[in-house]
There are 2 protein chains.
Amino acid sequence: MGEFELISRYFASSGAKRSDTTIGVGDDGAVLQVRDGYDLVVTTDTMVAGTHFFPDDDPRALGHKLVAVNVSDLAAMGAEPAWLSLALTLPNVDENWLSAFAAGLHETAEYYNCQLIGGDTTRGPLSLTMVAKGIVPRGKAISRSGASVGDYIYVTGTLGDAALGLRLCQGVHQVSKKHQTHILQRFHYPSARVALGQALRNIASSAMDLSDGLYSDIQHIMARSKVGASIDVGKLPLSQALKDSCDPATAIQLALSGGEDYELLFTVPEARRGSLDVLLSPYGIPLSCIGRITGVAGKLELKQAEQQYAYQHQGFTHFS
Amino acid sequence: MGEFELISRYFASSGAKRSDTTIGVGDDGAVLQVRDGYDLVVTTDTMVAGTHFFPDDDPRALGHKLVAVNVSDLAAMGAEPAWLSLALTLPNVDENWLSAFAAGLHETAEYYNCQLIGGDTTRGPLSLTMVAKGIVPRGKAISRSGASVGDYIYVTGTLGDAALGLRLCQGVHQVSKKHQTHILQRFHYPSARVALGQALRNIASSAMDLSDGLYSDIQHIMARSKVGASIDVGKLPLSQALKDSCDPATAIQLALSGGEDYELLFTVPEARRGSLDVLLSPYGIPLSCIGRITGVAGKLELKQAEQQYAYQHQGFTHFS
């Protein structure tokens, strides 16, 4: 099977169709209509076998995750997901693998109303790169740079579950039978907070998604906004599964330094906290206020019950 | 050096700046203003070490080529290049390599007035993926699907030089001293026909860029336009360097089946041939009319001096 047959069999004609796609897969480039008065938002995520996933991971879950982690970046900026480009590097053509990967990709793309509009297929070590494009009303994208002193810091959902899922897969942490499905789902099938991200457009002063872990990620908001942050680790939202599976210090460690939760981290000025409660309650997504933005630029304080919380961060970086 | 330091040192603040970039490198995504009344054009190209380039190739040339081959796809659609996203997978941090690669990338991006607006940096086998975005007045993108029976087939520049350059690098073909610089330049530093592509918007009925070789590439126009093509191999534009370095049959073979020329292949209806001559002469780019579109869908005829030209295509496909 050649490259073009592969593309037409697995990637040309599945998933969502959008009326604002003029030309999709099959030309030199895709041609897309960005609605007048809207900005385009573009994000990129690469997943490399051996670095970001196990080569024998379920390809359907990989297809899902590749879409979800890209769409999560769009969600964090308040954008409406629209289009996906896929650069797929494969060591060989394994039709079972491709068919399951494409199914996972297409069903998740359809769920988020994203159309796959092109890409490139090459031979080499297994690697998946996706570039997702979304749209947002002009000037309404939520960046990392708008946090101000006194803003309240929020996260969605619960933290640390995906990191526990990774440890379960690696065989370095036990999880009781009744929690395994939930924990593995959180690791293999993350959700992007798309509707919530859009609802935050006029409320949040800054936002980002949690991919590397709260401790590391919040420092991007601090750096871009030139502020500090104080977080009460007692307020970190922990799932029952996490609490039942770990001692309290480990649970906090996974919630702070474990990655891949794909929850939203955002800041809200005092004056808009009321709007937050009123407008967001219909979404049914748990929101937790975990701290405040401070004026000590670059300093991250961790507290518990008003005391300083001693913490040794062990983060993950590909190049250290 | 961590991922974020690497990005800020080599990729955050060089190259072209564009006033329609609201947010570039450093947030969850880039935020871009697509001019009202314009369509967005998106292309993707991946270059994998060992498949598309030699691991010890000059990194500055790789940075150049990655930009040029993507911009060439935009040019083929008549788009104005605007933004680039880079997914860079590296086995380790080699600062000399990175610095030369980034220099090649930035200088070429600047030449085409493209801004690098984000991407992802990961650890793994060396691989470079770029997604280029351009803009084109709404409805004016030139696709592969508009060729009609009787249209004249054109190519820009000369064909086969890059393929000869590859063979020279591989040590399988000799090239005399006086032609080596030209031939290696054509292979390592291809040009994208950006101004010409935009000038073709109201003239060409279909267009694409030549990346896999004329014989293989024209079949994409034939397939998407549901037509056939007849090409006179005697009219293929060959450089003096190619003619001096090869016997006539080999020269034609490289011009037909060698890839990576990044010239434009396009079709023009009879009624617009006059406009072509008048409007395009100021660009100073040689144009050659090499054949006609025929009604025999899917059939590619090769002729020389009105006789059928016997030809055995030996193309390149990553997955066969």
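Heavy-atom basis, side chains included; hydrogens, waters and symmetry copies ignored. Every chain is numbered from 1 and lettered A, B, ... according to where its sequence line falls, protein lines coming before strand lines.
Side-chain atoms of B:D209 do not come within 3.5 Å of backbone N or O of B:Y262 as any donor-acceptor pair. Between the side chain of B:S127 and the main chain of B:T89, no donor-acceptor pair closer than 3.5 Å is present. For B:T121 (side chain) and B:L88 (main-chain N/O), no donor-acceptor pair under 3.5 Å exists by modelled atom type. Between the side chain of A:R201 and the backbone N or O of A:K140, no donor-acceptor pair lies under 3.5 Å. When atom types are taken as modelled, the side chain of A:T46 and the backbone of B:D120 share no donor-acceptor pair closer than 3.5 angstrom. A donor-acceptor pair under 3.5 Å links the side-chain atoms of B:S205 to the main chain of B:T267, judged by distance alone. The closest donor-acceptor contact from the side chain of A:D39 to the backbone of A:G139 lies under 3.5 Å. Remark: side-chain polar atoms of B:S225 are not paired, donor with acceptor, to backbone N or O of B:V227 under 3.5 angstrom. The closest donor-acceptor contact from the side chain of A:T51 to the backbone of B:R123 lies under 3.5 Å.
Interface remark: B:R138 contributes side-chain atoms only to the contact with chain A (heavy atom separation under 4.5 Å). Looking at A:V42, both its backbone and its side chain come within 4.5 Å of chain B, counting heavy atoms on both sides. For A:T129, the part lying under 4.5 angstrom from a heavy atom of chain B is the side chain only. For A:A223, no part sits under 4.5 Å from any heavy atom of chain B, backbone or side chain. In this structure, the portions of A:M208 lying under 4.5 Å from any heavy atom of chain B include both its backbone and its side chain. Of the atoms belonging to B:R224, it is side-chain heavy atoms, and not backbone ones, that fall under 4.5 Å from chain A. Using a 4.5 Å cut-off between heavy atoms, A:A141 contacts chain B through its side chain alone, with no backbone atom that close. Using a 4.5 Å cut-off between heavy atoms, B:A207 contacts chain A through its backbone alone, with no side-chain atom that close.
Comparing A:V31, A:I23, A:V136, A:T43 by heavy-atom pairs within less than 4.5 Å of chain B, the highest count is held by A:V31. Among the candidates A:V34, A:L32, A:I117, A:T22, the residue making the largest number of heavy-atom pairs closer than 4.5 Å to chain B is A:L32. Listed options A:V131, A:D36, A:L86, A:D28 were ranked by heavy-atom pairs under 4.5 angstrom with chain B; first place goes to A:D28. The residue among A:Q33, A:K133, A:M77, A:M47 with the most heavy atom pairs within less than 4.5 Å of chain B is A:M77. Of the listed residues (B:L40, B:D73, B:V48, B:N70), the greatest number of heavy-atom pairs within a distance under 4.5 Å of chain A belongs to B:L40. Note: B:D27 leads B:D20, B:D45, B:D27 in heavy-atom pairs under 4.5 Å with chain A. Of the residues considered (A:S143, A:G50, A:S85), A:S143 shows the highest number of contacts with chain B, using heavy-atom pairs under 4.5 Å.
Closest approach of B:I142 to B:G197, counting heavy atoms only: CD1-O, 3.7 Å.
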